[in-house]
Amino acid sequence: MIPWLGEEEAEAAAEAVRSGWVAQGPRVAAFERAFAEHLGVEHAVAVSSCTTALHLALIGAGVGPGDEVVVPSLSFVATANAVTYVGAVPVFADVDPATGNLTAATVEPLLTGRTRAVVAVDQGGVPVDLDGIRAVVEPRGVTVVEDAACGAGSVYRDRPVGAGAELAAYSFHPRKLLTTGEGGMVTCRDGGLAARLRRLREHGMSVSAADRHAGAGGASVLETYDEIGFNYRMTDIQAAIGLVQLRKLPAMVARRRELAARYRELLAGTGARLVDDPPHGTTNYQSCWVLPPEGAPDRAELLVRLAEAGVSARRGIMAAHLEAPYKGTGRVPLPATELLTRRSLILPLHHALTEEQQDRVVAALRAALG
Ligand SMILES: *Cc1c(COP(=O)(O)O)cnc(C)c1O
C-alpha cells in the first residue's frame, strides 16, 4: 500500500507548523467536524491511532475486568489487544469465508452471561453486516463496537461504514486508505459519552488544554482530573493532513474500485477468488485479497514464485489465536479463519498502479498457480 499523499498535504502540514500551534488544537477540532459530517454522525473524537480509539471505545462501552468480548481472530492483533487492555477476555468467533467478517451466526453461539461487547471488524474494508449482529446481541444487553480501521470510504446499507454503530473506531495509519501518518477516530452517538472520551484522551482533564488556551471558560478556570485518562491525542499537524485526505477520499475509493474491477476481469478462469462487495454494501478495496483455488501450491510457494517474477504480494490477514499471547484460548474451532489466514494473499493495489503492472501481476499469478 503506497499512501496517496502530495503537495497539498505537505503544504497543510507546513501551515500548521508555521501557525505555531502543533499539538491538539483548532485543526483537530476541524478534522473531527469534517469527519463527523462525512459519516453523518453526531460525534467524532480524534485520537492517536485506531488501537487507542478501540481502547477508549471499549471503556466507553463499559467493558472491564471479568467481561467477555467476542472478536474475530481474523484481524490485525490490535482488535484483540484492545480487549485485553481493559482487562476483559477476547473470545474468538469464526468469520464468513466469503467476506472475512463476523456474522450473527458465528457470534451467537459464543454469547454468555459475561459477554459485554462484540467488536465487529470491516476486514480489509469489506463492510461487516452490523445490523445482523446487532439484532442478535442487543436484546441481550451487548454493545457492538465497530472496528472500522479499514473502513473509511466503504459503504454499508447506503451509509458510510461505521455510521450506524453505537461506537466505531477508525485508523489513519499509512496502511489504510486515508492517512495522517498515525492517527485514529472514535465516533459515537451519545454526547455525554463523546465528552467523556475527549477527557479520557487527554489525561482525564475536565477542560482541555486547547480550550483553556482559547479562553473557553476563562483561563482562570482550574481543571480537575476526575478519572484516570491517557495521552491519546492527535496533533494539529496530523489533523491538517487528515483534512486534505478526507477531501480526496472519494477519488481514492473510485480509483481502487476501478483497479480491483480490472483485477477481477483479468483473474477470470484462474480459479482464484477476489474478495468482493457483500450484498449489503461496497468495499473500498483497502486490501485486495484473493483466495487461490483448491489444489494450488501453498501460499509460501506462491509468494516465492511471485517474488521471483518481481511481484510483491503479501500474506493475507493474520489470525490472533495463532499468535503467542492468544494461543490455546480458542473456545470453538475456527475453520474459515484458519483457511483464510493460511491461504489468502494480498495483491499490490495503489493509486499509481498501471495497467501494465497489473497485467504483469496477473500473468505472474497465473504462472505461479501452474
Ligand atoms: C490497522 C488496524 C488496526 C490498528 O490501527 P492503528 O491505527 O495502527 O492502531 C486495528 N484494527 C484493524 C482491523 C486494523 O486493520
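Atoms within each ligand, like the ligands themselves, are counted from 1 in listed order.
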>> I'd like the residue list for ligand 1, meaning every protein residue with a non-hydrogen atom under 4.0 Å from the ligand.
In response: Ser49, Cys50, Thr51, Ser75, Phe76, Ala78, Thr79, Val121, Asp147, Ala149, Cys150, Ser171, His173, Lys176, Gly183

>> For a side-chain contact (heavy atoms from CB on, under 4.5 Å) check, start with the C-alpha distance between Thr103 and Asp96, then their side-chain angles and the critical distance, and finish with the verdict.
In response: CA-CA 7 Å; Thr103 65; Asp96 172 359; 3.6 Å; yes

>> Could you work out, with side-chain hydrogen bond (donor to acceptor under 3.5 Å, both in side chains) as the rule, every residue matching Tyr225, not counting sequence neighbours?
In response: Glu223

> Parallel under 30°, tilted from 30 to 60°, perpendicular over 60°: which one fits the rings of His38 and Phe35?
Replying inline: tilted

> Is Val119 reachable from Leu102 through a run of hydrophobic residues whose side-chain heavy atoms are each under 4.5 Å from the next?
Replying inline: yes

> Taking only residues two or more places apart in sequence or in another chain, which ones pass side chain to side chain contact (heavy atoms under 4.5 Å, CB included) with Arg257?
Replying inline: Val253, Asp277, Thr282, Thr283, Tyr285

> Does Pro3 have any side chain to side chain contact (heavy atoms under 4.5 Å, CB included) partners at least two apart in sequence or in another chain, and if so, which?
Replying inline: Leu5, Pro174, Thr179

